[in-house]
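For reference, the structure discussed in these notes is given below.
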Amino acid sequence: MLSFPAAVKVYLCTVPCDMRRSFDGLSMLAEHVIHCNPFSGHLLVFCNRRSDRVKILYWDRDGWAIWYKRLEAGTFQFPFATTGRKEIAAWELAALLEGIDLNRGRRRQRYSLPAAIKKEETEKEGMETRAS
């Protein structure tokens with residue numbers, strides 16, 4: 001089981017990717033498809049069309065690191081879409097890697113600081129303007 005610090009963000013690339021890509025190819029996808037800085041230290045998650053392989057790319061202080069998983073049977077329930085990216089929480093990534101369908105699960109409402117809510121809303125608005 002992987003554990004992540006609370007401050008780390010997880011970005012899913014919702015476009016199926018070629019799993020032959022390595023550090024440079026995935027970092028280019030992070031910039032042009034996910035629209036985020038690949039050097040930020042956040043986790044960038046990529047999946048292939050068959051949904052049986054996942055790569056997680058991140059910048060680790062002094063170089064790139066990739067975590068790669070190939071399923072022998074079954075698939076990941078990966079949320080493919082045309083938007084390019086989806087931000088999820090670290091616990092959702094852990095659930096996704098364990099085979100849990102995030103679309104069917106529902107998280108109960110919790111308190112969050114008003115500043116955090118406003119920041120999320122402005123990020124979503126920025127994504128919508130880029131897509132237009």
From [X] [atom1] over to [Y] [atom2], what is the distance, rounded to the nearest 0.5 angstrom?
| X | Y | atom1 | atom2 | answer |
| --- | --- | --- | --- | --- |
| Leu12 | Ile34 | CG | CD1 | 8.0 Å |
| Trp64 | Leu44 | CH2 | CG | 7.0 Å |
| Ile56 | Tyr11 | CD1 | OH | 15.0 Å |
| His35 | Arg85 | NE2 | CZ | 8.0 Å |
| Leu43 | Trp59 | CG | CH2 | 15.0 Å |

Fill in: Val10/Glu92 under side chain to side chain contact (heavy atoms under 4.5 Å, CB included): CA gap, chis, key distance, verdict
CA-CA 9 Å; Val10 180; Glu92 290 175 301; over 6 Å; no
Practice prompt. Would you please name every residue forming a salt bridge (Lys or Arg N to Asp or Glu O under 4.0 Å) with Arg50, sequence neighbours left out?
Written response: Asp52
Response to the item:
So the salt bridge (charged side-chain N to carboxylate O under 4.0 Å, His left out) pairs with at least one residue in residues 20-31 (sequence neighbours excluded) are Asp18-Arg20
Non-hydrogen atoms of [X] and [Y] that approach each other most closely:
| X | Y | result |
| --- | --- | --- |
| Phe46 | Leu26 | CZ-O, 3.5 Å |
| Gly84 | Val15 | CA-CG2, 4.1 Å |
| Pro38 | Ser27 | CG-O, 3.9 Å |
| Phe78 | Cys13 | CE2-O, 3.2 Å |

Worksheet entry | Any residue meeting side-chain contact (heavy atoms from CB on, under 4.5 Å) with Ser22, in chain and number order, not counting sequence neighbours | Ile66
Discussion item. Quick check on side-chain contact (heavy atoms from CB on, under 4.5 Å): which of Leu29, Val54, Asn48 does Cys17 satisfy it with?
Written reply: Leu29
Fill in: Short side-chain to backbone donor-acceptor contact, Lys86 and Thr14, under 3.5 Å
no
Worksheet item: Excluding sequence neighbours, so at least two apart, what forms ring-ring contact (aromatic ring centres under 6.0 Å, His included) with Tyr58?
Response: none
Identify every side-chain donor-acceptor pair in residues 68-77 under 3.5 Å, counting partners at least two apart or on other chains, and give the distances.
{"unit_1": "Tyr68", "atom_1": "OH", "unit_2": "Arg53", "atom_2": "NH1", "d": "3.4"}
{"unit_1": "Arg70", "atom_1": "NE", "unit_2": "Glu72", "atom_2": "OE2", "d": "3.3"}
{"unit_1": "Arg70", "atom_1": "NH2", "unit_2": "Glu72", "atom_2": "OE2", "d": "2.7"}

Discussion item. Asn37: which residues meet the side-chain hydrogen bond (donor to acceptor under 3.5 Å, both in side chains) condition with it, sequence neighbours left out?
Written reply: none
Practice prompt. Apply the test side chain to side chain contact (heavy atoms under 4.5 Å, CB included) to residues His42 and Cys36: give CA-CA distance (whole Å), side-chain angles for both, the deciding distance (0.1 Å), then the verdict.
Written response: CA-CA 9 Å; His42 299 306; Cys36 71; over 6 Å; no
